[in-house]
Visitor: 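Quick one: the structure is below, and I'll ask about it shortly.
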Amino acid sequence: MPLDPPSVLVALLAMHSLYMVLELGMWLRRRDDDALAFWAFANALAATSALCFGMRYAWPYVVTVSLGNAVLLGAWMAIWAGMRRFSQRRVPLFAVIALPLLLGAVLQFTPGLHDNYVARVVIVTVAWVAGLLLIVFECARAERVERLVMRRALMVAFLVLACFVLVRAGLTLRGPPAEDRMLVGQLALVTFFVNMLIGMTWNLGLLMMVNEQLEARLRWTADRDGLTNLLNRRGFQEWSQRVLQRARRDGAPVSLLVMDLDHFKTINDQYGHDIGDDVLCVFSNIAQQALRPTDILARHGGEEFCALLPNASEDEALAVAERLRCDFAKTPIPFEGQVFSATVSIGAVEIGADEDIGQALRRADAALYQAKTNGRDRVETQAITSRITMPAVAG
Ligand SMILES: Nc1nc2c(ncn2[C@@H]2O[C@H](COP(=O)(O)OP(=O)(O)OP(=O)(O)O)[C@@H](O)[C@H]2O)c(=O)[nH]1
């Protein structure tokens, strides 16, 4: 079936319209993420530019050259703006509007440019490549804060696109004169196809990136405690299994602390539930400072916390627990212009070679119970049965 540029143009417009409606619909459902609104707008601009370019010999220069090129730069700028909003950065709307306007004005009003094809290609190529590189840099910057596979893929795709624009400009400058309408028609066909591919790639990439971020955040939330932002019981189970397995492989000791704030019901009753929440947050901060970044701290529920300490023997765990207990007891907690203090009881055990996390937790709980019955604000342990040792090396 022979294809003609108008049919392909219609298909291109339909594709951008579909993505625009899809992204607008998604944006309307979750208004907090206006990246999607910017990307929908980018589709509207990309479709407009395709229409302008498609009417090359039917419509005047101001539409097919000045407007078409400026609007396509506007589409890249809208994608860039969306990328910034996607990572919660401010969008300088001035840049999004001013740069395309500037390109349009240069193309329209620079004396002699209407007849100077080479100069036009150079100017437009520089502007487009700059717009595309802005997107690439924005992706790279955002990746330092939050890593997303699809954003890295998009970064590569936009970099390839910038190279494609450069190569295409080189070929166009060396190619046949623009007056050869049949060749221009074929070139237009190829260009529309390539634009279709490009449009599909960036739209699909962006939507998959939104999905990836949403999934990662849901997973993060499911594993976290809403008050302290520490891992919750579920997150602790998952992470502690991995750390324990690694320690077993390395033959390194691993210890476990179970920590329970003392008389917490009384704190709630005396100072109120909000102050009780503050005490939980104070303890969480002190515990994070007392532990190493490789240790795993979690709020196991209510006023109970636990921590897994890789590369820590029983003696080291007891020392860490004692330091934490003292730090917490010394910390003043403000209440209505005065201060009070709270204490914690801790059960600390080294995990045995034949124990799983559940068994170790039960032993640490028994040690904690001992600490509570022995008067609270203290650390107790339960003897380990068999230590994790270095696995024997074959041969
Ligand atoms: N403010 C606040 N209180 C909580 C939260 N989760 C659990 N609690 C309260 O923590 C208290 C725990 O009380 P108990 O289990 O009796 O323990 P305790 O008073 O600390 O006594 P001991 O552990 O024996 O020293 C209960 O009153 C719970 O309502 C929370 O997220 N915020």
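One is the number of the first residue; the rest follow in order along the sequence. Because the structure is predicted, anything quoted here is derived from the model rather than measured. Start at 1 and go down the list; that is how both ligands and their atoms are numbered.
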Visitor: Checking Arg325 side chain against Ser345 main chain: does a donor-acceptor pair fall under 3.5 Å?
Guide: no

Visitor: Run the side-chain hydrogen bond (donor to acceptor under 3.5 Å, both in side chains) test against Arg224 and tell me which residues pass, sequence neighbours left out.
Guide: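 Listed in chain order: nothing, the list is empty.
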
Visitor: Would you please classify the geometry between the Phe340 ring and the Tyr271 ring as parallel, tilted or perpendicular, with 30° and 60° separating the classes?
Guide: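 Rings of Tyr271 and Phe340: parallel, under 30°.
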
Visitor: Does Arg242 qualify as a cation-pi partner of Trp239, given the criterion of NZ or CZ under 6.0 Å from the six-membered ring centre and within 45 degrees of its axis?
Guide: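 That pair qualifies as a cation-pi contact.
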
Visitor: Leu231, Ile346: one ILVMFWY side-chain cluster at the under-4.5 Å cut-off?
Guide: no

Visitor: Would you call Arg362 and Asp365 a salt bridge, taking side-chain N to carboxylate O under 4.0 Å as the test?
Guide: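 So Arg362 does not pair with Asp365 through a salt bridge.
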
Visitor: Mind jotting down which protein residues get a heavy-atom contact under 4.0 Å with ligand 1? Chain and number order, please.
Guide: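 Residues Asp260, Leu261, Asp262, His263, Phe264, Lys265, Asn268, His273, Gly276, Asp277, Leu280, Arg299, Gly302, Glu303, Lys372, Arg376 each place a heavy atom under 4.0 Å from ligand 1, listed by chain and number.
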
